[in-house]
Structures are given as C-alpha cells and as structure tokens.
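What follows is a structure written as structure tokens; I'll ask about it next.
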Amino acid sequence: MGKIILTGDRPTGKLHLGHFVGSLCQRVQLQNSGEFEKIFIMIADAQALTDNADNPEKVRQNIIEVALDYLSCGIDPAKSTIFIQSMVPELTELAFYYMNLVTVARLERNPTVKSEIVMREFGKSIPVGFYTYPISQASDITAFRATTVPAGADQEPMIEQTREIVHKFNSIYGPTLVEPEILLPSNCVCQRLPGTDGKAKMSKSLGNCIYLSDSAEDLRKKVMSMYTDPNHIRVEDPGSIEGNCVFTYLDAFSTPDHFAQFLPDYASLDELKAHYKSGGLGDVKVKKFLYAVLQEMLEPIRARRKEYEQDIEGVYDILKKGCEVARAEAAETLNMVRNSMKINYFDDMDLIRKQSEMYKAAK
Ligand code: TRP
C-alpha cells in the first residue's frame, strides 16, 4: 500500500516563518519527493471554530490567506489536494462515532490541549467542541487513511490519540482504520523558531512574527529591530549566541553559499559566531546579513503570492476541486467504518432477511 499524507493548519492568520521552517518547507520537499501516493493538505476551519465560535469572520477571511501562502511556497495542486475541512461533512460523522471510544479522563491528559486551555484563559468555561478537537483531528487523519502526518512536536499528543482510537476501533469492529505516524521536521532548530523578540515561539498573538507575505521593507524593519544579546552594547563587547535569535535564525536559514554571496569576509557561520563571541562584531552587520539571507528566500515566495493574489477566483477553484477529491476519499472511509460498525442497515440484506424469517417463523 502506498504512503499517504494528511496535514493542515487552522486558518486564524497568515502563515509566518515559524510555519515555513516547522512545516511548509518540509511539505514541499515531501510533495516533490515522489514518495507519496496521495497528499492532502487541509485548511482546518472547523477546528479553528472550536475556539473562535464568536468570530467566524476571522476564520472565513483567513482561508484564502492560508491557501495563498500554501501555493506561493510551492504546494502544487497537481500533486497535493488542498481542501477546506468543513466542506467535508463526512469528517464530523466519523468524529461522532470516535467520541464513544475516548474517555473524558483521556482528553483531560492531552498536554497540548491543557496548555491551550491555559493560554486561552478558558478556566472552567471550556467549549466542548474545543475539548474534543483531538478526536476530530483523529477523523481528519483516518478519513484519508493517512500513514504519515508531517507536523510539529506540539501535534504529537494528537497523533498518539489518533493511534489509540485506531487501535480501539479496529479491535472492536475489525481491521478498518490505518494507524498513522507523525513526521517531525528533520532539523531540530527548525522545530520551533523563536519570535523576533526572542520569546520561545513565533506567534501572531505575541506580535513577533515575520510573515511570508511581508514586504521587503517590513522584513528589513523587523530584522533590524530583532532581539539580540542585551549585554552586547558596544561593537567591541563580547556577545552571546545563546538565546540570541538573530543567530538562531542564521542557524535555520543560512548556508555557506550565502556567506560567499553576501558576507565573504567569513567562510562560515561558525567563524561569524566566533567573532561575535570574542567581540568586535556589531549587531547591525549580522542583521544585514540575516536580512539578505531571508530576502533571497522570501522574494520568490512573495512574487508567486502576488500572481495568485491577482487570480482569487482561480484559487477558490483550486480549493473547490480539492474539496471534491477530499470528500470522495472521506466518503469511502466512512462507508468502510459504517460497514465495520454494522450501521449500514439498508445495505445489509442479511439483517433484513434474518429478522423477516424470525418473525415469520414465530407467527
Ligand atoms: N491542529 C493543527 C493546528 O493547530 C491543525 C490540524 C487539524 C491538523 N487537523 C489536523 C494537523 C490533522 C495535522 C493533521 O495547526
């Protein structure tokens, strides 16, 4: 059996560099590797609504932003199916059946959900839909019989939950569902990119993001005001690399070629770091280099985005076609699930015949 990918993002904002290193860039590589029989990339609007029920407009407006970001990064609709979660109603039916296989106590233990509850300050007022989104995520994954879920480490508890549901389902109803595996980003710097303010995570709510759609001028301003080493005041001072996010970004994005091209005084990042640590290297020089590196990477993405922005109808067309393909796939799985659970009453001639014979014999 071929390998199948399912992954996705909540449409609550434009995608940023954190998404790029954490997932987008790897998805494009996987897509172009030819190793996968099918690839599904889902815009998880229904999941986004689990904690944005009062703001559907935000979710609605961001579907196109996420789609534009996907396409401009190189997700190719000829190779990957991009679709919108809520347009595949089969997913909600699957979730309804899976809910019977998961206990409240098990949901309570999910560390990602736990920390999201704290972050969103839900207190005791947790929406049921939000609480159960790991189950809905299990439907997303199993509906496409996905073998592989490329995602960040924060998604590990969701995949674990999915595997448990698959086990439980298959052991009760017979082998039906496929057990997925998470595929983490390979470079460990890339698993989590800090924000431009040095905080642990790049996140829209912290206002510390570099967006894929930022203009060159915005990019320059953001890079030039990035957090470095607060004790590195004069150029002569020795500087620290740890927690200095300009260097974290260089770890993630710079290559030896970039040095030859933009900063030929240094042969490698190690040399640049050594100079910074011993003193005599100013932040501005390092930031200008980082800007050049990021600008080279983001410029073609920005240019492709501009083209797609001029054809919004075309992008919706891609999404609509993707939804049709996704729906057919999910319907097939739902059919298998219903058959395994024997809730396919009208298709089960055996059931109808036996009950009919039983009552006739009793007459
Ligand atoms: N939870 C993911 C996020 O927060 C989005 C998502 C929904 C997803 N369903 C998925 C990711 C299935 C991977 C697989 O961005």
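Counting begins at 1 with the first residue of the sequence. First listed ligand is number 1; within each ligand, the first listed atom is number 1.
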**Message:** Any heavy atom of Ala151 closer to ligand 1 than 4.0 angstrom?
**Reply:**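 It does not; every heavy atom stays at 4.0 Å or beyond.
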| said: Any salt bridge linking Lys342 with Asp347? Criterion: basic side-chain nitrogen under 4.0 Å from a carboxylate oxygen. | reply: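 Salt bridge between Lys342 and Asp347, a charged N being under 4.0 Å from a carboxylate O: no.
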- Distance under 6.0 Å and angle within 45° of the ring axis: does Arg338 meet both against Tyr345? no
For Leu6, the atoms of ligand 1 under 4.0 Å from one of its heavy atoms are 12 (C), 14 (C)
Correct closest heavy-atom pair for Pro134 and Val113 would be CG-CG2, 3.6 Å
Salt bridge or not for Glu357 and Arg353, using N-O below 4.0 Å? yes
Record the part of Met158 in heavy-atom contact with ligand 1 below 4.0 Å; permitted values are side chain, backbone, both and neither.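 For Met158, there is no contact with ligand 1 at all, from either part.
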Heavy-atom closest pair (Ser136 atom, Ala95 atom, distance to 0.1 Å) is CA-CB, 4.1 Å
Discussion item. Side chains of Leu212 and Cys73, heavy atoms from C-beta outward: is any pair under 4.5 Å?
Written reply: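 Yes, close enough: below the 4.5 Å cut-off.
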Ranked by distance from atom 8 (C) of ligand 1, the top protein heavy atom is Gln137 NE2, 3.4 Å
Measure up the Phe144 and Phe83 rings against each other and bin them: parallel (under 30°), tilted (30 to 60°), perpendicular (over 60°).
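If you compare the ring of Phe144 with that of Phe83, the planes turn out tilted.
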Numbered in order shown, the ligand 1 atoms found under 4.0 Å of a heavy atom of Asp9 are 15 (O)
Atom 4 (O) of ligand 1: closest protein heavy atom, distance to 0.1 Å, is Arg10 NE, 3.1 Å
A student checking ligand 1 against Val149 at a 4.0 Å heavy-atom cut-off should list atoms 13 (C), 14 (C)
inquiry  = Check for me whether Met42 has a heavy atom closer than 4.0 Å to any atom of ligand 1.
reply    =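 Met42 counts as a contact of ligand 1 under the 4.0 Å cut-off.
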Open item on the list: If you measure every N or O of Thr7 against every N or O of ligand 1, does any of those distances drop under 3.5 Å?
Closed with: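 So ligand 1 has no N or O lying under 3.5 Å from an N or O of Thr7.
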_Atoms in ligand 1 with a heavy atom of Ala44 nearer than 4.0 Å_ =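 Counting from 1, the qualifying ligand atoms are 7 (C).
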For the residue pair Lys58 / Asn52, report whether a side-chain donor-acceptor contact shorter than 3.5 Å exists. yes
Ligand 1 to Asp140, heavy atom cutoff 4.0 Å, flagged ligand atoms 7 (C), 9 (N), 10 (C)
Q.
Below 4.0 Å, non-hydrogen atoms only: which portion of Gln47 touches ligand 1? Side chain, backbone, both or neither.
A.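 Side chain only; the backbone of Gln47 stays clear of ligand 1.
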